[in-house]
Amino acid sequence: MPNHHEPATGDVDVLITLLDDVPLPAYAHPGDAGADLVTTVDVELAPGERIVVPTGVSIALPDGYAAFVHPRSGLAAKHGVTVVNAPGTVDAGYRGEIKVTLLNTDAREPVVLRRGDRVAQLVVQKVERARFVQAERLPGSHRGEGGFGSSGGWAAAT
Ligand SMILES: O=c1ccn([C@H]2C[C@H](O)[C@@H](COP(=O)(O)OP(=O)(O)OP(=O)(O)O)O2)c(=O)[nH]1
Ligand SMILES: [Mg+2]
């Protein structure tokens, strides 16, 4: 059984403060990309309702990293609960509490989430910062300006 109270082990140290009586974000299985975040409050989401929930954690990412707040597939598939701004971006310089903007996409059923429930997962990644170099023209490419379904319909590309 996964133990959600095991401290996360990983490749990069991320300083974290616990603002509430919550476990450290934990990877449920070795090799997981996302460490689960919990809500520190009970919420009931009406159909179509969104709400910002606190997670009780704040972090200091090293420069060159960002963390992304992703939905959990189980909550999404079983209850229609997603993260509105998925994936939410946590900047390396952000020291505030990580919050999750949940949305109940279900048209009929309300969803109850209890304090301590795992509502999202945090993916820590290296990110590049671009220098935006203004140019008169862009180099050509195979795709060109095609997008937004240019390659075909929803089934296999035809
Ligand atoms: O799901 C999220 C997304 C963001 N944040 C925090 C960390 C992030 O560094 C900060 C700002 O996020 P973002 O840049 O996405 O929001 P904004 O609307 O552009 O606000 P700001 O003007 O503060 O950048 O809010 C969260 O706690 N959860
Ligand atoms: Mg911003």
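Below, each value reflects all heavy atoms present in this structure, side chains not excepted, and no hydrogens, waters or symmetry copies. Both counts, for ligands and for their atoms, begin at 1 and track the order of listing.
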Is the shortest heavy-atom distance from the side chain of [X] to the side chain of [Y] under 4.5 Å?
| X | Y | answer |
| --- | --- | --- |
| Ile98 | Leu122 | yes |
| Phe68 | Val90 | no |
| Thr40 | Val53 | no |
| Leu37 | Pro25 | yes |

Element-labelled atoms of ligand 1 that are located less than 4.0 Å from some non-hydrogen atom of [X]:
| X | result |
| --- | --- |
| Thr89 | 3 (C), 4 (C), 5 (N), 7 (C), 8 (C), 9 (O), 12 (O) |
| Asn85 | 1 (O), 2 (C), 3 (C) |
| Ile98 | 27 (O) |

Exercise. Considering only protein heavy atoms, which is closest to atom 27 (O) of ligand 1, and at what distance to one decimal place?
Worked result: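 Minimum-distance protein heavy atom for atom 27 (O) of ligand 1 reads Lys99 N, 3.0 Å.
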For this session: Provide, to 0.1 Å, the distance between atom 11 (C) of ligand 1 and the closest protein heavy atom, together with that atom's residue and name.
Result: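 Going atom by atom, the protein heavy atom closest to atom 11 (C) of ligand 1 ends up being Asp91 OD2, 4.0 Å.
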[atom] protein-contacted (non-hydrogen atom, under 4.0 angstrom):
| atom | value |
| --- | --- |
| atom 1 (O) of ligand 1 | yes |
| atom 16 (O) of ligand 1 | no |
| atom 22 (O) of ligand 1 | no |

Exercise. Under 4.0 angstrom from ligand 1, any heavy atom of Val90?
Worked result: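 Per 4.0 Å heavy-atom rule, Val90 contacts ligand 1.
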For this session: Compute the minimum heavy-atom distance from Val100 to ligand 1 and say whether it is under 4.0 Å.
Result: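 Flag not set, Val100 not near ligand 1.
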For this session: Please answer whether the main-chain N or O of Val41 pairs with a side-chain N or O of Thr39 as donor and acceptor at a distance below 3.5 Å.
Result: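 Checking the backbone N and O of Val41 against the side chain of Thr39, a donor-acceptor pair under 3.5 Å is found.
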Exercise. Thr105 side chain to Gly80 main-chain N or O, any donor-acceptor pair under 3.5 Å?
Worked result: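 Here the side-chain-to-backbone pair exists.
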Exercise. Is the count of non-hydrogen atoms from other residues, nucleotides or ligands lying under 6.0 Å from Arg115 atom CZ greater than 12?
Worked result: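 Atom CZ in Arg115 is packed in, count exceeds 12.
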